[in-house]
Each structure stands twice: as C-alpha cells, then as structure tokens.
Amino acid sequence: MPELPEVETTLQGIRPHLEGRVLRGVDVREARLRWPVSEALYALKDCPVLGLKRRAKYLLIQLAEGQLLIHLGMSGTLRVVEAGTPLRKHDHVDLRLDDGKVLRFNDPRRFGTVLFQAGAADHPLLEKLGPEPLGDDFTGERLFDRSRGRKVAVKSFIMDNATVVGVGNIYAQESLFLAGIHPSRAAGRVSRERYDRLAEAIKAVLAKAIEAGGTTLRDFTRADGQPGYFAQSLRVYGRAGQPCIQCKTVLKADRHGQRSTSYCPQCQR
DNA sequence: CACCTTTCCTGGTGGC
DNA sequence: TGCCACCAGGAAAGGT
C-alpha cells in the first residue's frame, strides 16, 4: 500500500525520466478508475513537462496547459519502461515521452486516479488539504486549536486530510503509541503538551520511513526476508495480542471508522 | 471466500 | 425551525 513515503519515493524515482522531456501523448486502456480518467488527457499532445511535485499522496506533473494528478490509491504503481514493452495485467494508462520511454500506470484495484486540471488553478481535490506533516506549519499548536470541542477519536482526527495529510493507518497507530495517547480518546480532550508530543512523533515516524526509501510493511513480510526499517520499528501496528515492548501488557485491538487499531491500554491513556 | 485496504461523499444528528 | 458542523458508514475492486 503506497503511503506518503512510498509516494515520495516514486516521485524521486520518476523525476529524472520526466524533467526536461516532452509528453507526446496519453494512451488510456481502462478509464474506470476511482474517477473516470479525465477526457482532456486524451487530447494532450507534445506538451513540455515543466516540473513534478508531490502534495499529500498526489503526484503532480506540471504542463503549460495544466496539471496532471496521479494518485496511487491502494494498489497503484508507476514504472518507466521502453515503448513497446509488453503490457501486464492492469496496465491502465501510458504517458508517452519524446525519448521513447513510457510512464506506465498499473492499478489492480483501480482506487487510483489519473486526472487533468486545465489552467493554473489547483484541482478541487487539493483545495481542502491540510498541511504537509513534515512542514513547519504542522505543529502541536495547530492540532490543539483545531481539535477543541471535537468528539471524534484522536486517531480518526489525525487521519483526516483536513487536519494533516499523509498520516495513514500505520503511522497513526505508531505515533499515538510514541506519544502515549489512547487512540479512542476524544480529540478535544487531549492537552496542548500531548499534542506537541504527537506532532513530533508523526514527523519522526514519517521522516524515518522516507529515509528508509518508503519500504512498506508488506514488503517486509514477504518471503525475501530482509529485515527493514519497519519490521524493527513497528511498536504496535499488527501486534494486537502480543506484549507491549515497554510494559509487557497485552496489546489490544480496536476499530476506528472501519480501520483496525492496536494499542497498549497501559501506556496509552 | 469473506475480509481488508483509501478516500471522498452522503445522510443523519445534535447544537445553537 | 433552519442551518451548519460534525461524525459514522458506504462505495469502489481484486488479491489473499
């Protein structure tokens, strides 16, 4: 599952292949993604690529005509291949470049998106996004201010993209453990001091994950076995029923908005 | 084979 | 009563 670190890694991986190139055209084999692939993409022809950016989990490819938005959803991947490379199952969209290479979007579950926003304005999907977790405008103070009076579980609160972007299920659980906060606690009933700790925990976990090259949990659990960053660092995620690494209390499992949550009932209050 | 995954949207509710 | 903010739940699809 691509979390923010994986998206960042993908961006860095494709950037050298796209910067300075010209987008010759777009081939769409399957337009039924999370939203239909933007019709306007079909008409794009010979567009110089001006730059690449990441915003939350969106990859943005900037053209003079507008902006391409790519979201990997749950199962999306981007690869740079030579033109003519045989198609695999679920290879839905190709961006053809002027050097004979192709940026190929593959997504079995089709929760991803490939959209186009004409002109200079931001796409509506980007308008309501909160700050980047690693930016200076994401602070404990902001979490505190925005949470007053809110009854929603603090875990759901920090996973809300309007609060801060890019905090997925794994990072939310790990950050709450590091900060010693019970995931079910009402967001409005967490003190300023504890939100300071939580903001720092979120930054630390994400920064380390990006540093590790965005390797995901599932990659570690696959058979090739190389123990990586998360395998060693995960303190609560997926460990319900096992002892807390700090106090040996058996970790509990809970559920917030359809998502599983593990936590230590002793260390997290 | 039911479950699990992300994100946005919808509909219901409660407060003012 | 009317409106808005808030929050829970639903939907998409396929691999495991």
Side-chain angles (χ1 to χ4, degrees), chain A residues 1-8 10 28-38 54-60 69-78 87-93 105-115 117 122-133 143-175 183-190 202 206 209 214-224 230 234 237-241 253-262:
Chain A
M1 218 300 301
E3 298 258 7
L4 186 140
E6 287 72 43
V7 177
E8 181 65 30
T10 297
V28 180
R29 283 174 292 273
E30 174 58 84
R32 294 172 302 165
L33 303 183
R34 192 181 200 298
W35 293 286
V37 172
S38 296
R54 179 188 61 75
R55 177 73 175 104
K57 294 179 186 172
Y58 293 94
L59 291 163
L60 308 177
L69 285 82
I70 300 177
H71 196 293
L72 300 177
M74 298 180 55
S75 56
T77 55
L78 284 169
L87 294 171
R88 301 181 190 177
K89 205 173 181 185
H90 311 302
D91 278 342
H92 303 315
V93 179
F105 176 79
N106 179 290
D107 187 6
R109 292 184 195 168
R110 311 215 310 261
F111 281 19
T113 56
V114 181
L115 299 172
Q117 172 75 13
D122 267 343
H123 192 280
L125 285 171
L126 304 179
E127 278 174 4
K128 291 174 189 166
L129 295 176
E132 291 286 328
L143 289 177
F144 181 76
D145 290 346
R146 287 186 62 92
S147 61
R148 293 310 86 188
R150 301 283 300 274
K151 290 178 182 169
V152 69
V154 62
K155 188 202 178 203
S156 300
F157 175 66
I158 60 171
M159 291 180 70
D160 181 346
N161 277 336
T163 304
V164 57
V165 301
V167 179
N169 198 20
I170 297 173
Y171 302 120
Q173 293 177 51
E174 294 298 306
S175 303
S184 300
R185 172 172 286 272
R189 300 197 50 226
V190 176
I202 290 170
L206 284 173
T215 318
T216 64
L217 178 72
R218 279 163 207 271
D219 292 328
F220 290 117
T221 56
R222 282 206 292 248
D224 43 332
F230 272 133
L234 285 176
Y237 182 87
R239 294 194 62 242
D254 221 329
R255 197 156 267 275
H256 299 92
Q258 262 93 331
R259 293 187 186 91
S260 56
T261 307
S262 313

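All of these numbers come straight from a predicted model, not from anything done at the bench.
Distances from the side chain of A:Tyr237 to the nucleotides B:dT5, C:dC7, C:dG14 place B:dT5 closest. Among the nucleotides B:dT5, B:dT6, C:dA8, the one closest to any side-chain atom of A:Ser260 is B:dT5.
Not one side-chain nitrogen or oxygen of A:Arg110 sits closer than 4.0 Å to the OP1 or OP2 atom of C:dA12. The side chain of A:Tyr58 contributes an N or O atom lying less than 4.0 Å from OP1 or OP2 of B:dC8. Between B:dC8 and A:His71, no contact under 4.0 Å exists linking OP1 or OP2 to a side-chain N or O.
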Q.
With side chain to side chain donor-acceptor pair (under 3.5 Å) as the criterion, how do A:Asn106 and A:Lys89 come out once you've worked through the C-alpha distance, each side chain's angles and the decisive distance to 0.1 Å?
A. CA-CA 8 Å; A:Asn106 179 290; A:Lys89 205 173 181 185; over 6 Å; no

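Here the closest non-hydrogen pair linking A:Gly166 and A:Asn161 is N-OD1, 3.8 Å. Shortest non-hydrogen contact noted between A:Phe157 and A:Thr163 is O-OG1, 2.9 Å.
Atoms NZ (A:Lys155) and P (C:dA8) sit 13 Å apart, rounded to a whole Å. Between A:Glu30 atom CD and C:dA13 atom C1' there is a gap of 11 Å when expressed in whole angstrom units. Taking atom CE of residue A:Met74 and atom P of nucleotide B:dT6, one finds them 5 Å apart after rounding to whole Å. In this structure, CD of A:Glu3 is placed 6 Å from P of B:dT6, rounded to the nearest angstrom. Atom CZ in A:Phe157 sits roughly 12 Å away from atom C1' in C:dC6 (whole-Å rounding). Protein atom CG of A:Asn106 is 10 Å distant from nucleotide atom P of C:dG15, rounded to whole Å. Following rounding to the nearest Å, A:Phe111 (CZ) and C:dG15 (C1') show an atom-to-atom distance of 12 Å. In this entry the distance linking CG of A:Asp160 with C1' of B:dT6 reads 13 Å, nearest Å.
Within the 4.0 angstrom heavy-atom criterion, only backbone atoms of the sugar-phosphate kind lie near A:Arg150; the bases stay farther away. Counting non-hydrogen atoms under 4.0 angstrom, A:Ser156 reaches nothing in the nucleic acid.
Side-chain atoms of A:Arg109 and base atoms of B:dT6 include no donor and acceptor less than 3.5 Å apart.
A:Phe105 and A:His92 have tilted rings, their planes meeting at an angle from 30° to 60° on a 0 to 90° scale.
Nearest-nucleotide positions on DNA chain B place A:Arg255 closer to the 5' end than the other of A:Arg255 and A:Trp35.
How far CZ of A:Arg34 is from NE2 of A:His71: 8.5 Å, rounded to the nearest 0.5 Å. In this structure, CD in A:Glu3 is found 10.0 Å from CE in A:Met74, a value given to the nearest 0.5 Å.
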Q: Could you provide the dot-bracket string of DNA chain B, using ( ) for intrastrand pairs, [ ] for crossing pairs and | for bases paired to another strand, with Watson-Crick or G-U pairs below 3.5 Å?
A: .|||||||||||||||

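Side-chain contact between A:Val114 and A:Leu33: present, with at least one pair of heavy atoms (C-beta onward) separated by less than 4.5 Å.
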